[in-house]
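The block underneath contains the structure these notes are about, expressed in structure tokens.
Hydrogens, waters and symmetry mates play no part in the numbers below; they use all other heavy atoms, side chains included.
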Amino acid sequence: MSNALKPQPKLRKASAATRFLRWCVVLLLLATAAWFGWVYRQIEATANIDNAQPADAIAVFGAAEYAGRPSPVLHARLDKAVSLYQRDIAPVIVTLGGGGDKDSGKTEGGVGRDYLLANGIPFDHIIAETYSIDTEQQVQRLAAIAAQLHFRHIVVVSDGTHLFRIALLCRRAGLDVYTSPRAPLGHIDDLDAAERMTHEMLSYTALRLDLHISWLHRWLEGKNG
């Protein structure tokens, strides 16, 4: 056999390396798909179950406010908190969320407090947290309030898709929480629903990987609020 027809060692090595790399890519894609499939199922399961039960407080996670009025999302979260309070689930409601430079001094927590007052919740049964700027900070502030007031169990209220990530953040902060999703807001188109789910899947993954991308969370949550 002439040298021209003999297999070349370098070509054989290159071919083996290429096949190995392809298998690695395939395995990585399969693992990624499996991970996001699991996260999707967990988010959906948490979103569809109301775990509210007697606790020391109800915490309402902030969403956008417009010139002192709650956005539809925040409105629905606050209505859920009022309903839980009226069922004697807990004697205190904590409203969470600060404001930005464009909010003219208004905050999500403050607007939430005003809404609760207008709906018959006594002033001394409301705690307004008005400094946090994203979900992670809201959990940190809630943990500080819980430690100060000796809250052992808290019902957390937010969008259904938001609660799976909130639950993980709360566990990490040492909080024992029960998740309670707000009521749906009519029809949500498929694109908006996909965007919200994608946001939560990526945010939860970043959280599990300890990636600190709060700026992205703030931007996305601002869009979804």
Side-chain angles (χ1 to χ4, degrees), residues 46 50-163 165-167 169-171 173-185 217-218 221-222 224-225:
T46 304
D50 192 337
N51 291 309
Q53 53 189 284
D56 299 306
I58 300 161
V60 184
F61 278 72
E65 55 82 21
Y66 304 134
R69 295 181 178 274
S71 64
V73 169
L74 182 55
H75 195 292
R77 295 180 188 182
L78 292 165
D79 282 345
K80 183 57 180 286
V82 171
S83 174
L84 293 172
Y85 178 89
Q86 291 173 342
R87 288 165 47 196
D88 293 325
I89 290 294
V92 175
I93 300 178
V94 181
T95 57
L96 301 163
D101 295 336
K102 298 180 181 180
D103 293 320
S104 302
K106 299 294 185 181
T107 64
E108 295 167 5
V111 169
R113 174 196 57 217
D114 295 342
Y115 183 87
L116 295 177
L117 287 170
N119 280 270
I121 308 300
F123 182 82
D124 58 348
H125 289 204
I126 304 170
I127 300 170
E129 182 283 311
T130 59
Y131 295 99
S132 57
I133 58 175
D134 61 16
T135 300
E136 293 188 27
Q137 285 194 9
Q138 288 179 30
V139 170
Q140 292 167 5
R141 298 282 184 175
L142 179 59
I145 292 169
Q148 181 181 1
L149 298 178
H150 307 291
F151 293 155
R152 295 181 57 198
H153 307 290
I154 301 172
V155 176
V156 291
V157 176
S158 190
D159 294 13
T161 53
H162 194 196
L163 289 170
R165 177 160 59 98
I166 286 175
L169 286 165
C170 287
R171 287 196 299 272
L175 295 172
D176 185 8
V177 301
Y178 311 125
T179 56
S180 185
R182 65 161 173 81
L185 291 173
H217 293 164
R218 290 195 294 272
E221 288 172 5
N224 290 337

statement: Those residues at least two apart in sequence (or on a different chain) that pass side-chain hydrogen bond (donor to acceptor under 3.5 Å, both in side chains) with Thr46 are none
Find the distance between [atom1] ([X]) and [atom2] ([Y]) and round it off to the nearest 0.5 Å.
{"X": "Asp176", "Y": "Arg152", "atom1": "CG", "atom2": "CZ", "result": "8.5 Å"}
{"X": "Arg165", "Y": "Thr135", "atom1": "CZ", "atom2": "OG1", "result": "4.5 Å"}
{"X": "Arg69", "Y": "Leu74", "atom1": "CZ", "atom2": "CG", "result": "13.0 Å"}
{"X": "Ile58", "Y": "Arg77", "atom1": "CD1", "atom2": "CZ", "result": "15.0 Å"}
{"X": "Ser180", "Y": "Gln53", "atom1": "OG", "atom2": "CD", "result": "10.5 Å"}
{"X": "Asp114", "Y": "Ile121", "atom1": "CG", "atom2": "CD1", "result": "13.0 Å"}

[X] and [Y]: which non-hydrogen atoms are nearest, and at how many Å?
{"X": "Val156", "Y": "Leu163", "result": "O-CD2, 3.8 Å"}
{"X": "Ala76", "Y": "Leu185", "result": "CB-CD2, 3.8 Å"}
{"X": "Pro91", "Y": "Ala55", "result": "CD-O, 3.8 Å"}
{"X": "His162", "Y": "Ser158", "result": "ND1-OG, 2.6 Å"}
{"X": "Ala146", "Y": "Leu175", "result": "CB-CD2, 3.7 Å"}
{"X": "Tyr85", "Y": "Ile93", "result": "CB-CD1, 3.8 Å"}

task: Just do the side chain to side chain contact (heavy atoms under 4.5 Å, CB included) check on Arg182 and Asp79 with the steps written out, would you?
output: CA-CA 8 Å; Arg182 65 161 173 81; Asp79 282 345; over 6 Å; no
statement: Contacts satisfying salt bridge (charged side-chain N to carboxylate O under 4.0 Å, His left out) that involve residues 80-96 (not counting sequence neighbours) are Asp50-Lys80
Would a 4.5 Å heavy-atom cut-off, applied to side chains only, mark [X] and [Y] as touching?
{"X": "Ser132", "Y": "Phe61", "result": "no"}
{"X": "Arg141", "Y": "Val94", "result": "no"}
{"X": "Leu78", "Y": "Thr95", "result": "yes"}
{"X": "Val92", "Y": "Phe151", "result": "yes"}
{"X": "Thr179", "Y": "Ile166", "result": "no"}
{"X": "Tyr66", "Y": "Pro72", "result": "yes"}

Backbone of [Y] reached by a side-chain donor or acceptor of [X] within 3.5 Å:
{"X": "His75", "Y": "Pro70", "result": "no"}
{"X": "Thr107", "Y": "Gly98", "result": "no"}
{"X": "Arg113", "Y": "Ile126", "result": "no"}
{"X": "Gln138", "Y": "Gly62", "result": "yes"}

- request: Ignoring hydrogens and angles, state whether a donor on the side chain of His153 or Asp56 is under 3.5 Å from an acceptor on the partner side chain.
  value: no
